[in-house]
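Below you'll find the structure, written out as structure tokens, and then a few comments.
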Protein chains: 8
Amino acid sequence: MMHGEIAALLKRVERGELTAEDAMLRLKMEPFEDLGYARVDHHRALRQGAAEVIYGAGKTPEQIEGIARSMLAHGQRAVLVTRLSPDAARQLQERLPMMYHEVCRVGVFGKPPEPDGHGFVVVATGGTSDIPVAEEAAVTAEVLGSRVQRLYDVGVSGLHRLLHELEPIMRARAIVAVAGMEGALASVLGGLADCPVIAVPTSVGYGASFGGLAALLSMLNSCASGVSVVNIDNGFGAGYLASMIDHLGD
Amino acid sequence: MMHGEIAALLKRVERGELTAEDAMLRLKMEPFEDLGYARVDHHRALRQGAAEVIYGAGKTPEQIEGIARSMLAHGQRAVLVTRLSPDAARQLQERLPMMYHEVCRVGVFGKPPEPDGHGFVVVATGGTSDIPVAEEAAVTAEVLGSRVQRLYDVGVSGLHRLLHELEPIMRARAIVAVAGMEGALASVLGGLADCPVIAVPTSVGYGASFGGLAALLSMLNSCASGVSVVNIDNGFGAGYLASMIDHLGD
Amino acid sequence: MMHGEIAALLKRVERGELTAEDAMLRLKMEPFEDLGYARVDHHRALRQGAAEVIYGAGKTPEQIEGIARSMLAHGQRAVLVTRLSPDAARQLQERLPMMYHEVCRVGVFGKPPEPDGHGFVVVATGGTSDIPVAEEAAVTAEVLGSRVQRLYDVGVSGLHRLLHELEPIMRARAIVAVAGMEGALASVLGGLADCPVIAVPTSVGYGASFGGLAALLSMLNSCASGVSVVNIDNGFGAGYLASMIDHLGD
Amino acid sequence: MMHGEIAALLKRVERGELTAEDAMLRLKMEPFEDLGYARVDHHRALRQGAAEVIYGAGKTPEQIEGIARSMLAHGQRAVLVTRLSPDAARQLQERLPMMYHEVCRVGVFGKPPEPDGHGFVVVATGGTSDIPVAEEAAVTAEVLGSRVQRLYDVGVSGLHRLLHELEPIMRARAIVAVAGMEGALASVLGGLADCPVIAVPTSVGYGASFGGLAALLSMLNSCASGVSVVNIDNGFGAGYLASMIDHLGD
Amino acid sequence: MMHGEIAALLKRVERGELTAEDAMLRLKMEPFEDLGYARVDHHRALRQGAAEVIYGAGKTPEQIEGIARSMLAHGQRAVLVTRLSPDAARQLQERLPMMYHEVCRVGVFGKPPEPDGHGFVVVATGGTSDIPVAEEAAVTAEVLGSRVQRLYDVGVSGLHRLLHELEPIMRARAIVAVAGMEGALASVLGGLADCPVIAVPTSVGYGASFGGLAALLSMLNSCASGVSVVNIDNGFGAGYLASMIDHLGD
Amino acid sequence: MMHGEIAALLKRVERGELTAEDAMLRLKMEPFEDLGYARVDHHRALRQGAAEVIYGAGKTPEQIEGIARSMLAHGQRAVLVTRLSPDAARQLQERLPMMYHEVCRVGVFGKPPEPDGHGFVVVATGGTSDIPVAEEAAVTAEVLGSRVQRLYDVGVSGLHRLLHELEPIMRARAIVAVAGMEGALASVLGGLADCPVIAVPTSVGYGASFGGLAALLSMLNSCASGVSVVNIDNGFGAGYLASMIDHLGD
Amino acid sequence: MMHGEIAALLKRVERGELTAEDAMLRLKMEPFEDLGYARVDHHRALRQGAAEVIYGAGKTPEQIEGIARSMLAHGQRAVLVTRLSPDAARQLQERLPMMYHEVCRVGVFGKPPEPDGHGFVVVATGGTSDIPVAEEAAVTAEVLGSRVQRLYDVGVSGLHRLLHELEPIMRARAIVAVAGMEGALASVLGGLADCPVIAVPTSVGYGASFGGLAALLSMLNSCASGVSVVNIDNGFGAGYLASMIDHLGD
Amino acid sequence: MMHGEIAALLKRVERGELTAEDAMLRLKMEPFEDLGYARVDHHRALRQGAAEVIYGAGKTPEQIEGIARSMLAHGQRAVLVTRLSPDAARQLQERLPMMYHEVCRVGVFGKPPEPDGHGFVVVATGGTSDIPVAEEAAVTAEVLGSRVQRLYDVGVSGLHRLLHELEPIMRARAIVAVAGMEGALASVLGGLADCPVIAVPTSVGYGASFGGLAALLSMLNSCASGVSVVNIDNGFGAGYLASMIDHLGD
């Protein structure tokens with residue numbers, strides 16, 4: 001089902017000729033492409049308003065190539081691949097043009113859009129070791145069309161570094177707070193900002209950080225309003241949500 | 001510092017006469033009211049764009065009354081009190097007009113605003129037992145100026161109940177997904193909607209639900225994009241964030 | 001004790017000449033073969049109605065060969081080896097004919113039976129990364145005489161992929177639902193099907209999936225009736241049980 | 001949609017006039033009854049082949065009465081209410097005839113069917129304190145049309161009590177193994193029987209039983225084939241599944 | 001053994017007439033008073049330099065009275081009783097003069113000393129609900145001879161409240177940081193102060209605070225140097241340690 | 001089967017007329033008494049060499065009375081009931097002579113034997129609050145025929161109290177070390193004694209004691225040789241095992 | 001202090017010339033050998049009645065050699081080294097005669113004694129993969145002078161393998177039950193035997209075995225009397241304790 | 001801002017010309033050096049009274065070099081790098097003089113000060129395997145200007161080794177107690193000493209030590225007063241705090 005058809009269908013809904021449920025279900029019943037190992041969904045853009053993403057972990061380069069080719073062939077302009085090892089990236093680049101962000105292990109096929117959000121997204125980290133996860137968030141938001149301002153190494157045990165950056169914090173449309181260990185960054189940012197703060201616990205740390213559990217629990221218990229949490233090390237999810245909020249309009 | 005003064009200060013920042021940090025810090029150094037047992041913050045509205053909220057658990061009715069009076073005296077139009085027991089509510093109502101929502105144990109002093117968001121918020125539950133937490137979210141969002149549509153008892157083990165409500169799900173500006181036990185509601189909603197989904201695990205259930213831990217972990221691991229999570233039973237936090245997103249504009 | 005003898009013994013029970021307990025205990029006292037490192041049980045087929053299985057992890061190729069030869073020598077037609085590394089498989093294949101399923105690391109000695117169940121078993125996965133565990137289930141069920149239909153990558157964050165396959169789901173005799181991360185697949189399948197659903201959490205995922213714990217808890221808390229759970233990554237156990245249910249008759 | 005209509009619809013599927021998906025989706029879109037606090041599903045029997053069940057915990061007697069009346073009015077012959085406190089039971093019995101099993105806190109409206117399964121279900125417990133959970137399983141299976149044989153207090157620390165009951169164990173169509181503390185009963189039964197064993201960990205015990213976690217983990221790790229597990233104290237779920245297996249035919 | 005004797009013994013050590021170990025062991029072998037249910041230690045002051053403390057939980061008023069009388073009879077000037085219920089306090093006050101701090105459930109027999117430390121101790125809390133634990137710390141430190149400055153409700157989600165109190169924070173000799181939920185207060189204080197910060201997680205909160213576990217892990221993972229942690233709700237331990245540090249001299 | 005018969009059977013085994021297994025299985029197949037709610041085992045003494053014990057938690061006084069009467073009628077001289085509430089004890093004492101130890105909630109029917117072990121058992125506690133669990137151990141060992149020496153309140157934070165009691169520690173045949181909180185008592189005793197030390201963690205404590213988990217883990221990790229652990233608060237199990245060791249002879 | 005001196009000292013205690021405590025403390029104050037990285041204790045045999053043991057993990061071959069030489073030089077006849085890697089073993093064997101048991105990674109310097117216990121120790125395992133831990137227990141007990149009977153692969157899911165070995169189980173002086181996964185072996189053995197059963201959970205397994213936690217909890221919750229537990233994979237500790245019990249005499 | 005300027009600023013505070021807060025905030029707003037991947041803080045010495053420390057884990061040698069050069073260029077005399085691998089150390093030593101302590105993986109740039117504390121710090125370990133963590137503490141304290149006395153391998157299962165060292169324990173200004181496994185060392189030291197005891201749990205051990213969790217919980221539950229805890233394996237944090245206490249004066 002092509003975009004034109006989808007639009008026509010929706011028009012009929014607007015005119016009352018079709019209920020929303022019926023239209024929706026027709027769309028859902030449309031054939032997706034079954035590659036055997038994956039079912040590629042070519043109208044997901046409709047349902048979720050974003051480019052398709054491939055979770056690279058546990059897939060072979062061949063599988064990733066197959067899924068990406070199928071998406072690009074159906075008109076997807078940019079395809080993001082997360083958790084892509086340098087080795088797999090090299091193999092993919094030999095077959096298909098792909099930009100690879102090594103620090104966060106993200107590959108991008110195709111051409112990301114120009115920034116078209118309503119504001120900008122701040123991505124902040126507590127320390128230097130949180131940067132890989134933060135870059136996953138930042139690159140994701142950029143590929144999805146958001147401007148991103150990075151504020152790295154502004155952890156709460158040196159408050160002045162954070163207070164020095166009050167302006168972007170006060171003006172952001174969404175903030176991604178990336179921190180391991182005690183995870184207090186999200187609470188402090190939540191108290192300073194008046195936009196949604198998406199907290200990303202990281203597995204950085206040792207001992208009683210228990211692989212990010214300490215930061216996760218800390219962030220879930222934040223006293224600041226407007227803070228919500230995604231999975232440990234889930235930079236992608238935070239960047240996706242931040243960009244989604246950045247694009248919510250009028 | 002009155003609203004006029006705050007505005008003047010901000011004007012100076014715009015004209016370049018004052019840096020943002022300096023302005024911010026002045027605001028922060030403004031006297032708050034120290035009641036001994038609490039420090040009431042009279043320009044929080046500025047910083048976080050919302051009515052002040054009192055977390056009622058662990059406070060005596062006298063303390064709650066003191067904080068609320070102080071807020072109302074400083075011009076706050078509506079004050080929300082969460083986790084307020086029926087007993088404490090009765091004692092408060094004898095002294096100060098307050099609307100009390102018994103099912104979610106929320107009290108409201110003052111007069112909530114007319115809905116002024118950009119869309120509406122869907123609050124959905126997996127089962128009947130999740131309703132108290134959902135109502136905390138719904139009432140919070142309403143008091144903060146959002147229209148709310150409730151979709152209760154639409155758990156994923158009876159999908160048709162959920163598919164029957166596709167229209168509001170597709171049109172919402174933000175969705176609050178409240179579920180205990182296996183918490184799968186957030187993933188399914190996240191796959192259907194194209195707006196932020198705020199997942200609230202509840203402590204409903206028994207045995208291996210471990211007080212909401214099962215639902216919490218399930219929601220944190222959601223494969224759907226656009227889903228973030230707040231603390232177990234934190235209806236308030238979800239309603240607050242949903243309303244914040246509903247008011248993000250242009 | 002040969003099959004004929006077993007049958008004779010059971011006849012005597014039917015005729016009331018022997019109590020069931022006495023017969024059972026005689027059988028139990030029969031010599032098994034003690035290889036030193038393992039006690040191979042040659043009348044397990046009687047007690048559990050299935051081919052013997054060797055859990056390959058933690059056994060040397062020599063030990064596996066010894067156990068398999070002993071079983072085949074006692075008339076076992078097919079012997080399944082689970083968790084068999086490619087290296088060990090290669091060593092075994094040099095000595096004894098064995099079919100090796102690399103994706104799920106299962107080896108099969110001998111000749112599996114023709115399908116002789118009453119229906120068919122559906123094996124479904126939430127994502128591509130769950131396929132190895134799913135294949136362990138599918139191959140196990142096939143070796144034990146069941147027909148298997150695979151439905152891979154039908155996770156709940158893209159419901160239409162699952163709804164597209166309603167027919168096999170409605171007709172299956174038993175369903176194996178394999179999913180990591182939030183594990184919601186089992187609940188959704190449990191709500192759609194009217195046969196037993198055997199849920200297999202997988203260790204796929206990262207962060208707060210805690211090695212499959214999130215999926216495990218989610219599945220244990222399923223609101224759908226007819227769902228039960230086996231150990232994380234235990235594809236074998238689920239395939240075994242599904243085939244057992246497929247063979248329950250009249 | 002009445003039973004006749006459902007049958008007609010299914011006939012059309014058989015004749016190839018309608019795809020299964022289309023039929024299924026029509027059924028799913030059928031109006032259920034929305035009581036405000038619950039959505040009562042009147043063709044669930046079709047989808048899951050069993051009487052509707054009300055999870056009583058967290059519902060008021062008024063809510064339970066409302067749901068039960070709605071079900072009975074739509075032709076449901078028996079309605080099971082689990083986790084029903086004696087107080088709530090008394091209130092309900094004043095308004096609507098209901099049989100109440102106090103030891104397992106289960107209420108039954110209407111008239112259960114005669115046993116119509118293919119065999120019988122064994123419900124076994126490790127100790128005396130596990131009986132309430134076992135009775136929930138047994139009563140559930142009976143109300144759903146299965147014959148049940150109870151084997152109580154046959155824990156593995158006194159093996160002869162279990163070996164004394166080998167006959168019913170060997171002949172059962174499904175076994176429900178209810179045990180707290182170390183939960184070894186499921187493994188031993190799984191090794192003796194050749195039918196599915198559904199393990200129910202109970203929260204009986206103290207200290208390192210951690211509310212049933214010890215038994216749950218033990219049962220999930222069972223070395224015996226054919227064993228699967230339901231939630232801690234979930235007698236209902238086990239009885240439901242056992243009866244479903246008992247009715248699987250031809 | 002009286003104080004004079006102890007001093008004499010120590011003199012002999014200084015003169016080399018006795019090894020330290022011998023002296024120590026003689027002291028340790030001194031008779032304590034065996035009350036049957038408790039062994040009251042009358043030279044603990046020597047070993048640990050502080051008044052004896054009675055942990056009130058799990059002791060009857062009679063046992064507490066017995067221990068306290070024994071201590072006072074041996075010359076102890078002040079005896080602290082922690083975790084003393086109001087009921088038990090009333091019973092004790094009928095028999096023996098005791099000051100009772102109801103908010104933190106601490107009783108004090110005898111007459112606390114004048115402040116004799118080298119500086120002062122700051123006791124800070126994140127919120128109002130943390131005050132009972134904070135008061136246990138404050139009263140303990142005061143009874144042990146320290147001056148205490150209380151800074152309550154200075155949680156990190158409203159940083160300006162904390163920054164308003166920079167002076168005492170910069171001047172304190174030791175800081176007790178009491179906070180539940182996300183426990184970030186300790187890290188922020190640790191970054192601002194240059195004295196030891198003793199973090200006390202509290203069990204205040206709900207859901208994923210897991211009885212104080214979230215705050216505990218957060219505090220253990222603090223990035224700020226100079227922070228150490230005591231048990232959840234252990235106000236006494238923190239006050240004791242803070243006062244010990246306050247008295248370390250020259 | 002009476003004692004004489006058992007003896008005769010064993011004689012035949014000695015003479016080689018019967019294999020041990022055959023004898024054992026005959027004994028096991030002997031009828032036990034099935035009370036419906038419990039299966040009372042009248043030759044357990046043979047198998048385990050001790051008086052039968054009734055775990056009182058979760059049993060009604062009527063059930064306990066029934067089991068006890070059945071045991072006494074079959075010649076058991078003493079019957080121990082653990083976890084017996086004062087209320088249930090009062091009801092039982094009205095019907096059957098029973099000695100009740102209120103501090104540890106243990107009841108004893110019949111007449112305990114004279115001490116007949118090879119030495120004596122030391123039962124030690126870290127603090128006063130551990131005494132109830134310690135008494136359960138001590139009374140159990142006494143009823144089973146051991147002499148017991150109690151060393152209460154000898155926790156490791158006041159080593160001299162422990163060193164004062166070196167003699168019984170060095171001479172004991174078995175030591176039961178009962179401690180909550182940090183559970184270090186078992187390690188220190190294990191280092192001093194040269195007999196088996198049975199460690200009993202208690203649920204005494206608060207916060208990060210997590211209901212005895214801290215003490216349990218600490219004891220399992222003991223560096224001292226000869227230490228083993230029983231369940232949290234399982235005074236009975238420790239007393240039973242200590243008395244069993246005390247009776248191992250020649 | 002040589003053995004003769006120790007004996008003389010003890011004689012004086014017997015004659016009442018010296019209290020036990022004084023004697024003990026003198027012994028304790030005896031110089032041990034301080035190697036810098038370890039303090040070798042040359043009268044531990046006195047205190048604990050056994051050969052000294054070196055825990056090899058985390059020590060260099062040089063450190064192990066140093067400690068062993070020091071022990072042998074002071075008259076120790078046999079020295080056990082646990083958790084010794086094959087590499088480290090090879091290096092040690094080049095310098096000092098040592099017997100190395102590769103399957104359990106135990107080295108033995110010197111000459112173990114002839115068996116001199118009162119009976120024999122049974123070491124049983126649930127499966128083949130538990131053998132390395134079981135061998136650590138068996139070799140330890142043998143080096144400490146006990147006879148050992150091994151019963152491997154007698155797990156409870158095939159009861160007849162266990163019942164086949166009733167005789168040694170009934171006659172043993174102590175039983176070591178080694179099992180991973182569900183850990184039920186200890187309960188079943190505890191119900192059959194009338195001697196102490198020492199349960200060793202192993203880290204064998206996967207998924208919800210959580211590195212041995214499932215077996216550990218299961219064993220701690222054993223309903224059988226006479227069962228106690230040591231740390232996961234602690235074969236040494238179990239063998240040590242079993243041999244200690246085997247040597248308790250008269 | 002140079003040291004002179006800082007002093008001048010503080011003088012103005014003393015003269016009342018400037019409030020402490022204003023001075024503090026000016027200092028905080030001073031530019032730090034932003035290296036892109038890290039924000040190097042050149043007046044931290046002022047705020048926390050100690051040399052800057054680089055947490056080496058997760059930083060490249062280039063990043064560490066950059067940060068260290070920046071610090072040294074601003075007048076820092078000594079810079080500590082923790083968790084520095086031997087490889088990274090070698091690379092760094094080729095470019096910049098650095099002393100490397102291999103056993104604890106700590107590097108030191110520049111010249112540590114002469115000891116200038118008020119007493120000395122004891123660093124004690126339970127076993128040989130705890131030495132690397134202990135050395136991290138000891139080296140840290142030494143670099144920060146404290147004298148350190150090491151007491152290694154004095155675990156509580158051999159009390160005499162500890163009692164042999166009573167003198168330094170009684171005289172220390174602060175004690176760092178490093179122990180894995182059961183972590184009892186902190187409690188015993190806390191009972192003997194009258195100075196602050198900083199407990200460091202280590203991840204040494206296996207099985208139920210759960211990576212240091214057992215020792216951590218044990219130490220948090222210490223009954224001895226004056227004990228506080230830092231993160232598992234956090235030798236640096238303990239050494240830093242001990243030295244801070246050692247320098248608190250008059």
Side-chain angles (χ1 to χ4, degrees), chain A residues 125-130 153-163 165-166 169-170 177 179-194 197 199 201-229 232, chain E residues 125-130 153-163 165-166 169-170 177 179-194 197 199 201-229 232:
Chain A
T125 76
T128 300
S129 325
D130 303 313
D153 197 23
V154 292
V156 301
S157 64
L159 268 187
H160 60 298
R161 298 178 302 182
L162 187 64
L163 296 177
E165 304 285 4
L166 274 179
I169 291 167
M170 302 296 296
M181 295 181 167
E182 88 272 58
L185 183 62
S187 287
V188 173
L189 283 172
L192 292 170
D194 60 353
V197 173
T202 70
S203 56
V204 164
Y206 61 92
S209 81
F210 294 125
L213 179 63
L216 171 63
L217 292 182
S218 173
M219 287 166 165
L220 283 167
N221 282 280
S222 174
C223 307
S225 302
V227 177
S228 62
V229 187
I232 297 164
Chain E
T125 75
T128 301
S129 324
D130 302 313
D153 197 22
V154 294
V156 301
S157 65
L159 269 187
H160 60 299
R161 298 177 303 184
L162 187 63
L163 295 177
E165 304 284 4
L166 274 179
I169 291 167
M170 302 296 297
M181 296 181 169
E182 89 271 59
L185 182 63
S187 286
V188 173
L189 283 171
L192 293 170
D194 60 353
V197 173
T202 68
S203 55
V204 163
Y206 62 91
S209 81
F210 294 125
L213 178 64
L216 170 63
L217 292 182
S218 174
M219 286 165 164
L220 284 168
N221 281 281
S222 174
C223 306
S225 301
V227 177
S228 63
V229 187
I232 297 165

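Here is how names work: the chains are called A, B, and so on, in the same order as the sequence lines, proteins then strands, and each is numbered from 1. Note that the coordinates shown come from a computational prediction; the quantities given were computed from them, not determined experimentally.
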Residue pair E/Val156, A/Val156: steps toward the side chain to side chain contact (heavy atoms under 4.5 Å, CB included) verdict: CA-CA 9 Å; E/Val156 301; A/Val156 301; over 6 Å; no

Approximate separation, where rounding is to 0.5 Å, of A/Leu216 CG and E/Leu217 CG: 10.5 Å

Heavy-atom pairs under 4.5 Å with chain E, option from A/Gly207, A/Gly180, A/Ala184, A/Ser209 with the top count: A/Ser209

Segment of E/Phe210 engaging chain A (4.5 angstrom heavy-atom cut-off): side chain

Atom of A/Asn221, atom of E/Ala208 and distance for their closest heavy-atom approach: ND2-O, 2.9 Å

Nearest atoms (heavy-atom pairs only) where E/Ser218 meets A/Ala214: N-CB, 4.5 Å

